[in-house]
Amino acid sequence: MNEKRVITTDDLYRMHWVSDPAVSPENGATAYILKSVNDKQDGYTTQIRLIKEDGSVDVPFAAGEQDGAPQWSPDGSQLAFLRKKDEARQVWLLPAHGGEAQAVTGLKHGVSAFKWSPDGSSLLLKAEAPDETDEIADAKSKDELKRPEEKIVDRIHYKADGAGLLKGRRTHLFLFDIAEKSSVQVTSGAFDIGSFGWSPGGTQIAYTAELPTEEFADADLRPTNDLYVTDRKGGTARQLTDGKISIGYVSFTPDGKHILMLADDLSCGYATLTRIYLIPAEGGEYRALYTDLDIQIGHRCVSDMRAGAGTPPVYSPDQQSVYIEVTQNGRVEIARFALDGSDFEVMAGGDREIYQFALAPDGSLIFAAADPLQPGDLFRMELPGGTETRLTDCNSELWSELKLSKPEEFQFTTGDGWPMQGWIIKPIGFEDRSKVPAVLEIHGGPQVMYGHTFMHEFQLLAAAGFAVIYTNPRGGHGYGQTHVNTVRGDYGGRDYQDLMETVDYVLERFPFVDGSRLGVTGGSYGGFMTNWIVGHTDRFQAAVTQRSISNWLSFYGVSDIGYHFTEDQIWGNAWDDFEKLWKHSPIAYVKNVNTPLLILHGEQDMRCPIEQGEQLFVALKRLGKKTQLIRFPGADHNLSRSGNPYLRTRRLSHIVRWFEENIER
């Protein structure tokens with residue numbers, strides 16, 4: 001048997017990721033997505049596979065290499081999914097018992113999401129609606145001169161990370177009749193559809209949208225949205241809410257009497273905990289359930305294995321409860337909530353990240369879960385009772401070769417009496433009497449959470465001989481409303497103190513960590529905090545800032561979310577609150593930076609645009625500080641999680657290199 005080795009950056013090319021479990025109502029078989037790096041190492045293949053209820057047979061189910069979003073028809077006879085056709089994603093259908101997949105939709109701009117009607121006769125599609133810009137584009141395409149064209153911008157929301165400059169078309173709902181192979185547009189107007197769903201009888205459709213109000217003539221400036229109900233073929237929609245809550249998800253309850261909403265009242269801005277709301281389907285007052293639970297509903301755990309996760313609420317077979325993921329104390333769990341507000345219970349938990357799930361016909365749970373030593377597989381849990389079976393082991397070959405270091409959890413109390421959870425990963429080959437360097441990792445958001453999940457970056461640092469320290473300072477989810485709200489208006493305040501006290505505690509609790517050989521890194525908010533740290537202390541020998549914020553004044557005008565995020569998080573804007581925004585800007589303290597700082601940034605990042613990294617780099621160079629800027633072409637804010645695989649490996653290599661070069665060994 002070969003001796004195991006440490007993990008490398010190039011092991012990313014051999015990793016596989018499972019997602020999107022969809023359980024057949026006919027026989028309990030699960031369709032799921034297996035994602036892998038393609039042979040050219042410049043992208044990914046996503047294949048639909050089918051696994052039997054007991055996990056005994058696991059085979060490819062569709063022949064495509066870019067398939068996603070599998071959904072069974074209500075009777076289990078067909079599987080619908082999205083596949084790219086002629087540069088646009090369309091819905092394809094595949095018979096459950098064999099045959100060839102066929103494209104059934106042909107919308108001009110493709111389909112972004114869909115849902116089966118309760119009787120299986122139709123599909124409700126979410127897609128960009130054609131408009132006058134299409135006629136203009138068609139006319140221009142016939143222009144033999146191919147002149148460059150100016151871009152006229154009217155909306156404040158005109159770009160988005162990962163999408164680039166928006167075309168101006170609106171996203172609406174379309175009803176596709178499977179037998180007739182035709183579609184009709186259900187909604188129209190100068191708004192975009194958010195969440196949507198069918199009534200149990202299939203006669204009505206609920207959806208969310210942001211329309212102008214008396215207070216917000218420009219709907220793009222609204223911090224909230226509203227719930228609407230319309231007939232399945234369109235017509236006049238009824239507005240059910242009053243613009244006072246921000247709604248992320250809607251669905252009719254199984255009896256059709258109410259509509260369930262996952263929403264928040266913005267009482268703590270974007271740091272407000274999500275709640276379950278119910279509103280009568282015919283209209284009336286809405287009410288929040290479980291307001292005494294100080295936990296975040298939904299998935300909020302970060303990993304460098306995936307860019308997004310989470311499953312919409314799923315109703316129990318008896319229709320009296322709903323299953324929803326919850327984020328708390330470093331875990332993402334599946335909880336059952338009684339719809340009458342009487343009972344809450346965690347059904348599947350443990351020290352792991354359950355990032356997606358489905359309910360089988362027999363009431364058992366099928367879920368995708370990761371833990372600190374594996375990036376994700378499918379599991380089956382019997383309910384009640386909790387007997388659990390692992391269904392897949394998609395990385396078994398690669399993992400059989402690797403040495404990994406298991407994180408050790410710790411907890412302590414900060415100077416102001418607040419409980420703090422964190423983890424430390426020892427270097428591979430650690431010996432008890434040795435002193436080792438360490439790297440402090442800081443998550444983004446800040447309204448997310450580090451947890452019991454796999455991080456390639458952390459394991460690479462451990463393989464290179466570094467201990468890795470990570471925690472959830474105030475500002476992150478997982479520890480209640482006060483914890484997540486504390487950072488607002490205080491960036492670089494209590495959050496910075498939490499991180500420094502975490503390092504102090506680690507040095508006292510784990511004496512093998514050498515306090516004179518420390519590094520620090522983080523991305524997005526973690527990049528902001530890295531920039532802040534090196535401007536306020538010299539205790540770190542090296543730092544790597546990733547996709548960061550350095551200047552709140554310029555961030556306000558260049559980020560796709562800057563105009564509302566800055567006002568919510570820093571409590572100010574660039575013209576009325578210049579001094580406040582400058583006070584919280586790391587670049588204001590650039591003269592104090594003595595720590596060698598590596599700046600990593602994607603050139604197409606529109607969440608934290610590259611000018612944030614550029615101006616910090618130029619300032620440091622102008623002042624004669626040790627720094628380096630690395631630009632990743634074509635990369636957006638999600639480079640580390642779902643970007644070009646080759647650039648992902650280069651990014652990881654540069655992080656390790658910088659710490660090896662600048663921290664004494």
Side-chain angles (χ1 to χ4, degrees), residues 4-19 33-47 65-66 68 162 301-309 353 355 368-377 392-407 425 427-428 439 441 443-444 450 453-466 468 470 521-524 526 544 546-547 598 600-602 605 630-660:
K4 290 191 174 184
R5 60 175 176 82
V6 297
I7 198 169
T8 68
T9 56
D10 286 352
D11 284 328
L12 179 75
Y13 298 141
R14 294 177 58 193
M15 290 184 189
H16 304 285
W17 302 273
V18 300
S19 66
I33 298 296
L34 183 69
K35 179 179 177 181
S36 308
V37 176
N38 66 19
D39 292 338
K40 295 180 180 179
Q41 299 179 353
D42 63 353
Y44 305 89
T45 61
T46 51
Q47 178 190 58
E65 294 184 348
Q66 294 292 323
C301 184
V302 294
S303 166
D304 59 3
M305 293 289 94
R306 59 195 64 87
E353 172 209 5
Y355 55 92
D371 63 47
L373 297 180
Q374 63 94 7
D377 271 302
T392 65
D393 193 0
C394 66
N395 288 295
S396 58
E397 181 180 353
L398 173 61
W399 251 240
S400 68
E401 303 173 13
L402 302 179
K403 295 179 186 177
L404 298 174
S405 184
K406 185 177 181 180
I425 300 177
I428 300 295
V439 174
E441 290 270 3
H443 66 63
Y450 275 146
T453 193
F454 182 80
M455 297 289 289
H456 190 188
E457 182 178 322
F458 295 4
Q459 291 294 334
L460 279 171
L461 289 168
F466 297 95
V468 181
Y470 55 110
T521 186
S524 195
V544 181
Q546 309 172 49
R547 60 190 187 281
L598 175 64
L600 307 180
H601 226 112
D605 191 332
I630 298 179
R631 305 167 64 100
F632 295 98
D636 61 27
H637 202 61
N638 280 317
L639 168 63
S640 64
R641 301 172 279 246
S642 60
N644 177 286
Y646 175 73
L647 292 182
R648 286 177 69 178
T649 64
R650 297 307 303 146
R651 168 191 163 271
L652 291 167
S653 295
H654 284 301
I655 293 171
V656 175
R657 170 187 64 84
W658 191 259
F659 287 131
E660 288 181 332

*Asks:* Verify side-chain contact (heavy atoms from CB on, under 4.5 Å) between M15 and V37, making sure each step is shown before the conclusion.
*Replies:* CA-CA 7 Å; M15 290 184 189; V37 176; over 6 Å; no

*Asks:* Please determine which of I655, L460, V656 meets the side chain to side chain contact (heavy atoms under 4.5 Å, CB included) test together with T9.
*Replies:*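 It is L460; the other options fail the test.
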
*Asks:* Just checking E65: does its CD atom have more than 12 heavy atoms from other residues, nucleotides or ligands closer to it than 6.0 angstrom?
*Replies:*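 Atom CD in E65 is not packed in, count stays at 12 or less.
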
*Asks:* What are the two closest non-hydrogen atoms of S303 and M455, and how far apart are they?
*Replies:*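 Where S303 meets M455 most closely, the heavy atoms are CA-SD, 3.4 Å.
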
*Asks:* Show your working on salt bridge (charged side-chain N to carboxylate O under 4.0 Å, His left out) between R5 and E401 and close with a plain yes or no.
*Replies:* CA-CA 6 Å; R5 60 175 176 82; E401 303 173 13; 3.1 Å; yes

*Asks:* Does the side chain of L639 reach to within under 4.5 Å of the side chain of L647, using non-hydrogen atoms?
*Replies:* yes

*Asks:* Taking S640 as the fixed residue, which of H456, R648, R651 is the one that meets the side chain to side chain contact (heavy atoms under 4.5 Å, CB included) rule?
*Replies:*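 That would be R651; it is the only one of H456, R648, R651 passing the side chain to side chain contact (heavy atoms under 4.5 Å, CB included) with S640.
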
*Asks:* What's the shortest heavy-atom distance between Q459 and P372, and which atoms?
*Replies:*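 Here Q459 and P372 meet closest at NE2-O, 3.9 Å.
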
*Asks:* How about W17 and F454: are their ring centroids closer than 6.0 Å?
*Replies:* no

*Asks:* For a side-chain contact (heavy atoms from CB on, under 4.5 Å) check, start with the C-alpha distance between S642 and R306, then their side-chain angles and the critical distance, and finish with the verdict.
*Replies:* CA-CA 6 Å; S642 60; R306 59 195 64 87; over 6 Å; no

*Asks:* Is it true that the NZ or CZ of R650 lies under 6.0 Å from the centre of F632's six-membered ring and within 45 degrees of the ring axis?
*Replies:*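 No cation-pi geometry.
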
*Asks:* Taking atom CG of D304 and atom CZ of R641, what is their separation to the nearest 0.5 Å?
*Replies:*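 These two atoms lie 9.0 Å from each other.
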
*Asks:* Would S19 and K35 count as a side-chain contact (heavy atoms from CB on, under 4.5 Å) here? Give the steps.
*Replies:* CA-CA 8 Å; S19 66; K35 179 179 177 181; 5.9 Å; no

*Asks:* To the nearest 0.5 Å, tell me how far R547 CZ sits from H601 NE2.
*Replies:*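 Rounded to the nearest 0.5 Å, the CZ-NE2 separation comes out at 9.0 Å.
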
*Asks:* Using a 3.5 Å distance criterion without hydrogens, assess whether the side chain of D605 forms a donor-acceptor pair with backbone atoms of G602.
*Replies:* no

*Asks:* Strictly under 6.0 Å, is that where the ring centroids of F466 and F458 end up?
*Replies:*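 No.
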
*Asks:* Return the minimal non-hydrogen interatomic distance between W399 and L373, and the atom names on each side.
*Replies:* NE1-O, 2.6 Å

*Asks:* In sequence, state the C-alpha distance, the side-chain angles, and the governing distance for E441 and T521, and then conclude on side-chain hydrogen bond (donor to acceptor under 3.5 Å, both in side chains).
*Replies:* CA-CA 5 Å; E441 290 270 3; T521 186; 4.8 Å; no

*Asks:* Can you tell me how far NE2 of H637 sits from CD of Q546, rounded to the nearest 0.5 angstrom?
*Replies:* 10.5 Å

*Asks:* May I ask you to test the Y44-S36 pair for a side-chain heavy-atom distance under 4.5 Å?
*Replies:* no

*Asks:* Identify the heavy atoms of V6 and D11 that sit nearest to each other, and give their distance.
*Replies:* O-OD2, 4.4 Å

*Asks:* Kindly give the heavy-atom pair with the smallest separation between C394 and H16, and that separation in Å.
*Replies:*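 Smallest heavy-atom distance, with atoms named: O-CD2, 3.2 Å.
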
*Asks:* Could you go through the side-chain contact (heavy atoms from CB on, under 4.5 Å) check for T453 and Y355 one step at a time?
*Replies:* CA-CA 10 Å; T453 193; Y355 55 92; over 6 Å; no

*Asks:* So how far is it from L402 CG to N395 CG, rounded to the nearest 0.5 Å?
*Replies:*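 Answer rounded to 0.5 Å: 9.0 Å.
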
*Asks:* What distance do I7 atom CD1 and I428 atom CD1 have between them, rounded to the nearest 0.5 Å?
*Replies:* 9.0 Å

*Asks:* Could you tell me the separation between the OG1 atom of T649 and the CD atom of Q41, rounded to the nearest 0.5 Å?
*Replies:*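 So the gap between those two atoms works out to 7.5 Å.
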
*Asks:* Closest approach of G376 and Q374, non-hydrogen atoms and distance?
*Replies:*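 Smallest interatomic distance, heavy atoms only, reads N-OE1, 2.7 Å.
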
*Asks:* Is there a side-chain hydrogen bond (donor to acceptor under 3.5 Å, both in side chains) between D377 and T392 once you walk through the steps?
*Replies:* CA-CA 6 Å; D377 271 302; T392 65; 2.6 Å; yes

*Asks:* Do other residues, nucleotides or ligands put more than 12 heavy atoms under 6.0 Å from the OH atom of Y646?
*Replies:*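 No - once you tally the heavy atoms of other residues, nucleotides and ligands closer than 6.0 Å, there are 12 at most.
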
